[in-house]
Q: 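Here it is: the structure, laid out below.
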Amino acid sequence: MRRDPRAHRRIRSVSGEPAADQRILLAQTETGLAAVPLVAGEPATEIIELGGDGIAEWVAREEELRSPRWVIRSARDLYPRLLAAGVRLTRTHDLVLCHAILRDTDVVARPLAPSEDWIPRQPDTAEPALFDADERGGPMPIAELVAQYREQVRVIGSDRTGRLALLCAAESAGGLIAEEMRAAGLPWDADEHDRILTEVLGARPAGGGMPAHMLAHAEAVRFHLGAPGLHLDSHPKLLRALHRVGVNVESTSQWELGEISHPVIAPLLAYKKLSRLMSANGWAWLTEWVRDGRFRPVYIPGGVVTGRWASSGGGALQVPRILRPAVRADPGWMLVVADVAQLEPRMLAAMSADRAMAEAARGQDLYAGVVASGAVVTREEAKYAVLGAMYGATTGDSGRLVPRLRKVYPRAMHRVDEAARIGEDGGVVSTWLGRSSPRPDAGWQAQQAAATGADTDPADVKRARARARDRGRFTRNFVVQGTAAEWALIWLAEIRHRLRQLPDAAAPAPGSGPFARQAHLAFFLHDEVILHVPQEQADAAASAVREAAAVATRRLFGDFPIDVPLDLKIVRTAEK
DNA sequence: AGAAGTTGCGCG
DNA sequence: AAAGCGCGCAACTTCT
């Protein structure tokens with residue numbers, strides 16, 4: 001276990017105000033919803049039954065009076081119904097999300113006992129119904145919820161640095177934001193999407209089948225392969241046909257085909273490109289995923305072990321750049337589009353307190369700073385070197401450049417090299433706020449153990465070493481990717497907090513559901529946000545995004561001088 | 001027939 | 001099988 005004294009600082013709640021002490025458990029019951037005020041050290045006795053009516057008013061009143069942190073089992077289960085009923089929660093403690101963190105964390109002596117009862121449920125794809133107690137498996141007894149909360153409080157309290165308190169608050173805020181973004185949706189112009197598809201793929205045949213441009217490329221490929229009836233989507237068949245005309249590739253991947261000079265290559269690559277767009281985000285996707293001018297993906301906060309969000313359905317995190325112009329604000333509204341350039345190396349510089357690397361990170365372009373430091377000659381080299389350092393490249397151009405960074409940024413490089421070493425040895429590493437990597441599984445450990453015997457087959461030793469290095473690269477990247485995810489989470493929470501201070505919109509955006517009258521987050525992807533805001537509030541919302549970034553940086557790294565600059569635009573349509 | 005695994009490619 | 005991290009998804013092949 002590693003404790004960094006610089007992580008010790010007074011932690012405040014993520015919503016920006018000093019943490020209030022009031023906690024109220026909000027629990028699903030057989031008949032509806034119950035509120036249970038929680039007082040430290042006292043049994044939870046007062047249970048307030050909340051019927052279907054008046055919940056919104058009651059919660060709003062409590063928010064006003066006591067600004068409690070609502071203890072909930074899971075925003076994913078509970079919040080869609082609340083939102084549909086017009087209830088908004090400001091701050092929560094999400095027991096399911098925090099369970100995962102506090103169960104695995106390596107920064108305290110006695111983490112949470114793992115329990116199957118707290119594994120996230122599958123995302124609910126059905127339309128939210130109003131408190132009809134249809135929770136799968138039935139609602140969890142209040143006593144059990146309270147007991148789990150008290151255990152989580154114990155673990156958080158045992159971390160004297162306050163990191164876990166901040167992480168759990170941020171993670172819980174993420175749980176709310178994920179549901180709010182789904183409820184609001186990403187404004188999506190289906191006509192523009194259709195126009196792009198028609199332009200790129202060609203006219204859509206009336207009776208289904210392949211669009212014109214795709215068909216033309218496919219015919220060209222078949223012609224050059226001398227294979228009239230060839231099915232291009234079957235890799236084995238395509239590969240054999242390529243071999244017959246002397247294109248000796250081992251796979252049909254675009255990077256390998258791109259190396260070859262042959263008349264079939266150009267139409268084949270073009271076909272693959274179009275085919276991808278057609279199957280991933282074609283008209284079928286549009287019909288299935290865009291309703292009433294909104295794309296509503298399912299976000300899964302903490303869905304990646306590093307703490308990044310995952311998504312389920314709709315490919316929310318893979319929307320191709322070419323379709324970005326289909327993201328369009330409603331009339332009278334604007335988009336605020338913001339992302340961070342090179343977030344991960346900036347996090348590395350700060351978490352390793354590497355002042356030389358932080359100096360290189362000053363301003364908009366970290367890679368230019370690396371060139372200026374003299375470590376490498378071109379920006380391109382800087383990029384490969386930095387990525388190679390974080391991903392664990394050992395060979396190729398990238399691997400060749402990494403040692404140069406070790407000379408110029410020894411502290412930063414030591415941080416990732418050490419994480420890799422721990423991972424190779426089967427150990428656990430943690431992010432800046434204390435989210436820890438999974439332990440190696442039994443198979444991995446058995447393989448390593450088997451490879452240490454004196455009379456082991458050299459091939460087994462080699463395989464074991466390779467698996468150990470695989471894990472080293474994973475833990476190397478874990479600390480950086482995971483800390484970047486923490487920064488982004490706090491950024492999001494702070495944006496949300498600020499947007500809630502803005503007045504109601506002059507003109508509503510009817511498609512945005514509960515957020516029709518309020519500036520809101522509409523999309524989030526690792527280091528990028530899209531806000532949908534009334535146009536008269538666009539500047540204020542942009543300021544909120546900038547302030548939130550500054551606060552996130554300070555909350556994580558205090559006074560350490562690290563720049564985290566934003567590329568921010570106020571636009572009607574998201575650009576490519 | 002359906003589950004499970006593979007390939008390839010979109011995103012950061 | 002990109003030189004190196006993390007994902008989700010569609011379409012295909014192979015296994016049961």
Side-chain angles (χ1 to χ4, degrees), chain A residues 123 231-240 249-259 268-269 271-282 284-285 288-289 297-324 339-345 347-348 380-381 383-402 405 416-417 419-420 423 429 431 435 437-438 466 469-485 487-488 523-529 567 574 576:
Chain A
H231 181 49
L232 298 184
D233 296 333
S234 165
H235 302 139
K237 287 176 187 158
L238 178 59
L239 204 52
R240 279 195 295 274
V249 287
E250 287 181 33
S251 76
T252 62
S253 64
Q254 54 185 351
W255 69 267
E256 197 181 350
L257 291 170
E259 304 285 300
L268 179 52
L269 290 179
Y271 172 82
K272 287 166 77 79
K273 197 111 201 143
L274 268 45
S275 166
R276 164 75 197 190
L277 179 62
M278 175 78 176
S279 67
N281 297 98
W285 183 91
E288 186 178 354
W289 288 99
V298 177
Y299 295 96
I300 320 259
V304 180
V305 282
T306 59
R308 273 187 173 184
W309 288 19
S311 73
S312 158
L317 311 187
Q318 314 143 237
V319 174
R321 309 291 299 186
I322 194 178
L323 290 178
R324 290 291 290 254
D339 72 328
V340 185
Q342 307 119 13
L343 177 60
E344 292 187 0
M347 296 297 103
L348 174 58
E380 208 54 7
E381 282 185 333
K383 188 173 167 179
Y384 281 113
V386 168
L387 290 176
M390 293 189 305
Y391 293 163
T394 52
T395 58
D397 288 346
S398 184
R400 181 172 56 76
L401 291 165
V402 171
L405 294 189
V416 283
D417 288 344
V429 297
T431 61
R435 191 189 306 258
S437 66
R469 279 193 301 272
D470 289 346
R471 188 159 192 280
R473 286 194 302 277
F474 166 64
T475 51
R476 169 191 292 271
N477 189 247
F478 182 96
V479 296
V480 180
Q481 186 183 115
T483 300
W487 184 93
F523 189 70
F524 167 58
L525 179 55
H526 307 322
D527 58 5
E528 174 186 359
V529 292
D567 181 9
K576 266 182 266 187

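Because only heavy atoms are used, hydrogens play no part in the values below, and waters and symmetry mates are left out as well, while side chains stay in. Residue numbers start from 1 in every chain, and the chains themselves are labelled A, B, ... in the order their sequence lines are given, proteins ahead of strands.
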Q: Examine C/dA3: is either OP1 or OP2 under 4.0 Å from a nitrogen or oxygen in the side chain of A/T394? Give yes or no.
A: no

Q: Provide, to the nearest angstrom, the distance between the NZ atom belonging to A/K237 and the P atom belonging to C/dA11.
A: 16 Å

Q: Can you name the nearest heavy-atom pair linking A/A389 to A/L405, along with the distance?
A: CB-CD1, 4.1 Å

Q: Ignoring hydrogens, what is the shortest heavy-atom contact between A/P297 and A/A316? Give both atom names and the distance.
A: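 Nearest heavy atoms, A/P297 then A/A316: CB-CB, 3.1 Å.
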
Q: Once you round it to whole Å, what is the distance between P of C/dC12 and CZ of A/R240?
A: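 So the CZ-P distance, A/R240 to C/dC12, works out to 15 Å.
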
Q: What integer number of Å spans the C1' atoms of C/dA2 and B/dT7?
A: 15 Å

Q: Calculate the interatomic distance between A/R469 atom CZ and C/dA3 atom C1'; express it in whole Å.
A: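 Answer to the nearest Å: 14 Å.
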
Q: Ignoring hydrogens, what is the shortest heavy-atom contact between A/L269 and A/G258? Give both atom names and the distance.
A: CD1-CA, 4.3 Å

Q: Just N and O in the side chain of A/R473: are any of them under 4.0 Å from OP1 or OP2 of C/dC5?
A: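 For C/dC5, OP1 or OP2 has a side-chain N or O of A/R473 closer than 4.0 Å.
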
Q: Could you tell me whether the side chain of A/S311 has a donor or acceptor atom within less than 3.5 Å of a complementary atom in the base of C/dG8?
A: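 Side chain to base: no pair present.
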
Q: A/H231 side chain N/O closer than 4.0 Å to the phosphate oxygens (OP1, OP2) of C/dA11?
A: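 So the side chain of A/H231 is outside the cut-off, no N or O lying under 4.0 Å from OP1 or OP2 of C/dA11.
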
Q: Using atom C1' of each nucleotide, how far apart are B/dT6 and C/dA1 to the nearest Å?
A: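 One C1' to the other, the span is 14 Å.
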
Q: Roughly how far, to the nearest 0.5 Å, is CE of A/M347 from OG1 of A/T431?
A: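 If we round to the nearest 0.5 Å, A/T431:OG1 and A/M347:CE are 12.0 Å apart.
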
Q: In the structure I gave you, are the side-chain heavy atoms of A/S234 and A/R240 within less than 4.5 Å of one another anywhere?
A: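 Counting from C-beta outward, A/S234 and A/R240 never come under 4.5 Å.
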
Q: Please state how far atom NZ in A/K383 lies from atom P in C/dC5, giving the value in whole angstrom units.
A: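 It is 17 Å, rounded to the nearest whole Å.
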
Q: Taking C-beta and beyond as the side chain, do A/P301 and A/F524 meet within less than 4.5 Å on heavy atoms?
A: no

Q: Mind checking which stems touch DNA chain C? I mean at least 3 consecutive Watson-Crick or G-U pairs, both distances under 3.5 Å.
A: B:1-12 with C:5-16

Q: Rounding to an integer number of Å, can you tell me how far A/Y384 OH sits from C/dC5 C1'?
A: 15 Å

Q: Grab the CD-C1' distance between A/E259 and C/dA3 for me, whole Å please.
A: 13 Å

Q: Can you name the nearest heavy-atom pair linking A/Q481 to A/T306, along with the distance?
A: OE1-OG1, 2.7 Å

Q: Are any of the side-chain nitrogens in A/K272 or A/E256 under 4.0 Å away from the carboxylate oxygens of its partner?
A: no

Q: For A/A310, report the nucleic acid contact type (base, sugar-phosphate, nothing); a contact means any heavy atom under 4.0 Å.
A: sugar-phosphate

Q: Could you write nucleotides 7-12 of chain B as a row of B, S and -, 5' to 3', where a protein heavy atom under 4.0 Å of any base atom gives B, of only sugar-phosphate atoms gives S, and otherwise -?
A: SBBBSB

Q: How would you label the contact of A/G314 with the nucleic acid (heavy atoms, under 4.0 Å): base, sugar-phosphate, or nothing?
A: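 Sugar-phosphate, no base atom in range.
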
Q: Find the distance A/W285:CH2 to C/dG8:C1' and express it as a whole number of Å.
A: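 Distance, rounded to whole Å: 14 Å.
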
Q: Is there a side-chain contact between A/E344 and A/D527 (heavy atoms, below 4.5 Å)?
A: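 A side-chain contact under 4.5 Å is absent here.
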
Q: Let me confirm one number: the CG-CD distance from A/L343 to A/E528, rounded to the nearest 0.5 Å.
A: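 One finds 12.0 Å between CG of A/L343 and CD of A/E528.
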
Q: Let me know the distance between CD1 of A/I300 and P of C/dG8, rounded to the nearest Å.
A: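 Going from CD1 in A/I300 over to P in C/dG8 covers 8 Å.
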
Q: Categorize A/F478 for me: base, sugar-phosphate, or nothing, with a 4.0 angstrom heavy-atom threshold over every strand shown.
A: nothing

